[in-house]
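Below is one structure, written out as structure tokens, with a few remarks after it.
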2 protein chains.
Amino acid sequence: MSPADDVSWPRAATLADVASAAGVAISTVSRALSNPARVNSVTRERIEQAARDLDYSPNSQARALISGRTRAVAVFVADVTNPFYFDLIRGTQRQLKAAGYTQVLVDTEESDELEDLTLQKLRRSFDGAILAASRLTDARLAALSHEVPMVTINRQTKSVPSVFIDTPSGILQAVEHLISLGHRKIAYISGPETSWPNEGRWRAFVRATERHGVEPQRIGPFSPKKAAGAAAADAALNSGVTACVAFNDLLAIGMLMRLRERGVSVPEQLSIVGCDDIFGADFCNPPLTTLTAPIEQAGRVAVSMLLARLDSTTVSGMRDRATLPTHLTVRASTGPVPHERGRP
Amino acid sequence: MSPADDVSWPRAATLADVASAAGVAISTVSRALSNPARVNSVTRERIEQAARDLDYSPNSQARALISGRTRAVAVFVADVTNPFYFDLIRGTQRQLKAAGYTQVLVDTEESDELEDLTLQKLRRSFDGAILAASRLTDARLAALSHEVPMVTINRQTKSVPSVFIDTPSGILQAVEHLISLGHRKIAYISGPETSWPNEGRWRAFVRATERHGVEPQRIGPFSPKKAAGAAAADAALNSGVTACVAFNDLLAIGMLMRLRERGVSVPEQLSIVGCDDIFGADFCNPPLTTLTAPIEQAGRVAVSMLLARLDSTTVSGMRDRATLPTHLTVRASTGPVPHERGRP
DNA sequence: TTCACACACGCAATCGTTTGCCATAATTTG
DNA sequence: CAAATTATGGCAAACGATTGCGTGTGTGAA
């Protein structure tokens, strides 16, 4: 038999089917299945048997229609391609499944309009949303938070609960690591200017460098993609810095590849620090010194916060802000400052 | 205002609200919005205005209840962590969004039971499913395909339409590449034995080696994860082969890391070929020679096939089998066979 | 003037559940 | 043994949208 011959999608069994099979009313079946104590045990068993025979499975749409709850949560990411989100998605997925929720993945393609539109159009299709790296304005975010329960990740706004990965504090560590290696000309390789974490990292970079009497340089912006690393590497080389901190690992890895291509050795000629410690940061060449972020945990915490306010009737005394620490993981992409040309 | 104070999730506007605002019947609003030609233009504009004012957005649950169509498709992956699925998810996501469908991501955690259960429990929540690397038996797959329209990826069964990435043909190329480099002792590093593509790759490996009078060796099974690469590397080293073809890139990259740790150089002492060309295969150390698979395309094609049979009434003459070619991408992890010990 | 025929819109049933309310039967209590 | 209570299960109204059918209005032709 060819698959194409297979045209019958038989109507699935409904409560009514089970009811007539068991010889009871629909309401009794409903109760037997969702509130067993409410119906006599012998009736219940008859019903359960019938349900099993008919392979009954409740229609979640109908259920959602009454309860107003879909038991689904949307996770908005800027770009499914970015490995950063994979740890995040893994975290949310695990936690959601554990709570019996299903995850709906939405890719906003780094567009605020698409994010806004989807959030509006689909708001009835899920009980809440996790916004990872939202591109929305504070005002819009505040407005939408009235329509859909939500939690943001790496985006703090007073009107919305959030999980924040404290990369800025890590930046301080990273800068001090570079300074201790003798670097004095250090640049921040900027990500997209619409990115909220990017600005936070830049501010932390400024604070950290100034504390040590070093002038902060900013190069960019660049798209947070591996391909953009080529331009970033060229720009960094041209600027004459001896070390740089990149907005994220993707960009840093892209730089590493370009530098290798151009024959400049890392860290002998240029030290590079990334952010996030994504998949690949440990096996690239050279392995990347980076700010390790608890990304998966961030996903789990965000889900917990969201579900807490979905499931409880009272919202008082609930944690609405979480900050997760990062730490510097030193690998092989950072090293002592190179000797000045002509001097030992 | 603290987020915690924010307790009101106002009831969203319904057709009834719009109807009373516009002073018409519910049915008229419904038609004005979904079948504009059916209602007078001035009434329609009044309705549209009211809908806009009330920020009306249709309840997809209610819609699904009537139509029986949810406009959602589930994508089942064995492990969201595995970068192989990154590209796949990206492909399905793009194609689904383009068709106005939403993607529901399900992680089966490499468990056939979980896969089966979820498929059953959620079958009414989506219109169809894409099964990437299903662990189900042929019989079960056939049975379930009667309940839910589905398309498998990298899993061919006569009862279910499928998209197949032709890695086996690529294995032939890979083996010939190794043979042309002088290798005669070559092993296949096996993935999980429950994995369907793993068996196909092994069979292709056997065919390819035997064609060249080389004895096929099999090492494993190993979990298709980076961490398992350590054991695989040790085993390969111990077996005395000079080259190997790994079940997938993840395993190959793990091997690369372990070999570096043990101080054995690739490809001077051992050549390695991966499969899939996932994210990272190009920037690991050394860059991996691998079988480049059109993963994202596979996702897109699978979605197209699924939607084709969902949207059309007639299923006849529909493509129910697609094979996508792979090609060998030679990078730096393969090289000439090492000289025998003591001989030049 | 009357018949026919669009056209525009409303009525009400429907999808599959859940749940408040009520009727009956069974059990306990005084 | 009557009265009060409890256990059990059925009826019917929601939830929000779609859609077949019917009604009323207006237009043109005979």
Side-chain angles (χ1 to χ4, degrees), chain A residues 9-48 50-51 54-72 120-127 147, chain B residues 9-48 50-51 54-72 120-127 147:
Chain A
W9 310 121
R11 198 182 61 84
T14 70
L15 269 192
D17 299 329
V18 179
S20 72
V24 293
I26 294 182
S27 50
T28 308
V29 180
S30 172
R31 275 188 277 259
L33 264 29
S34 56
N35 187 6
R38 186 68 177 67
V39 18
N40 187 294
S41 57
V42 353
T43 323
R44 174 167 15 115
E45 273 195 36
R46 191 154 37 94
I47 292 174
E48 281 167 351
L54 284 126
D55 194 23
Y56 170 77
S57 133
N59 182 324
S60 45
Q61 322 300 327
R63 223 174 223 179
L65 191 52
I66 293 197
S67 64
R69 310 278 311 273
T70 59
R71 294 200 76 79
Q120 286 220 65
K121 282 192 57 179
L122 297 184
R123 86 191 115 124
R124 314 273 283 281
S125 305
F126 39 74
D127 297 344
E147 315 251 319
Chain B
W9 309 120
R11 197 181 60 85
T14 71
L15 267 193
D17 299 329
V18 179
S20 73
V24 293
I26 295 182
S27 49
T28 308
V29 179
S30 173
R31 275 187 276 259
L33 265 29
S34 57
N35 188 2
R38 190 73 176 66
V39 18
N40 186 294
S41 58
V42 353
T43 323
R44 168 158 32 99
E45 272 196 36
R46 190 151 41 95
I47 292 174
E48 281 167 351
L54 284 130
D55 196 21
Y56 169 77
S57 132
N59 183 325
S60 45
Q61 323 299 328
R63 232 180 217 172
L65 192 52
I66 293 196
S67 64
R69 310 278 311 274
T70 59
R71 295 199 75 80
Q120 286 220 67
K121 283 193 57 178
L122 297 184
R123 85 193 117 136
R124 314 272 282 282
S125 306
F126 38 74
D127 297 342
E147 313 251 321

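This structure is a prediction, so every number in the text was calculated from the model and none was measured. So you know, we letter chains A, B, ... as the sequences are listed, proteins then strands, and number each from 1.
With sequence neighbours excluded, the residues satisfying side-chain hydrogen bond (donor to acceptor under 3.5 Å, both in side chains) with B:S60 are A:S125. A:R38 is linked by a side chain to side chain contact (heavy atoms under 4.5 Å, CB included) to A:R31, A:N35, counting only residues two or more places apart in sequence or in another chain. Applying the side-chain hydrogen bond (donor to acceptor under 3.5 Å, both in side chains) test to A:R71 and every residue at least two apart in sequence or in another chain returns nothing.
With B:R124 contributing its side chain and A:Q61 its backbone, the two residues share no donor-acceptor pair below 3.5 Å. Under the 3.5 Å distance criterion, the side-chain polar atoms of A:S34 are matched with a main-chain donor or acceptor of A:S30. Remark: the backbone N or O of A:A32 is not paired with any side-chain donor or acceptor of A:R44 at under 3.5 angstrom.
Across residues 27-42 of chain B, B:S27, B:T28, B:R31, B:R38, B:V39, B:N40 each have a non-hydrogen atom less than 4.0 Å from an atom of DNA chain C (numbered order).
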_side-chain contact (heavy atoms from CB on, under 4.5 Å) evaluation trace for A:V29 with A:Y56_ = CA-CA 11 Å; A:V29 180; A:Y56 170 77; 5.9 Å; no
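Note: CD1 (B:I26) to C1' (D:dT18) measures 11 Å, nearest angstrom. Separating the CG atom of A:L65 from the P atom of D:dA14 is a distance of 14 Å, rounded to the nearest angstrom. Separating the CZ atom of A:R63 from the P atom of D:dG16 is a distance of 18 Å, rounded to the nearest angstrom.
Considering every non-hydrogen atom in both A:A50 and A:A21, the closest pair reads CB-CB, 4.1 Å.
For A:E45, the CD atom is loosely surrounded, since the number of other residues' heavy atoms within 6.0 Å does not exceed 12.
Within the nucleic acid shown, A:S67 has no heavy atom closer than 4.0 Å to any nucleic acid atom.
Taking the screw axis at each terminus of the helix from C:dT1-D:dA30 to C:dG30-D:dC1 from five consecutive base pairs, the angle between the two is 50° to within rounding of 10 degrees.
One distance of note links CG of A:N59 with OG1 of A:T14; it measures 9.5 Å at 0.5 Å rounding.
Bracketed by its first and final contacts, the part of DNA chain C lying under 4.0 Å from non-hydrogen atoms of chain A reaches from C:dG16 to C:dC21 in 5' to 3' order.
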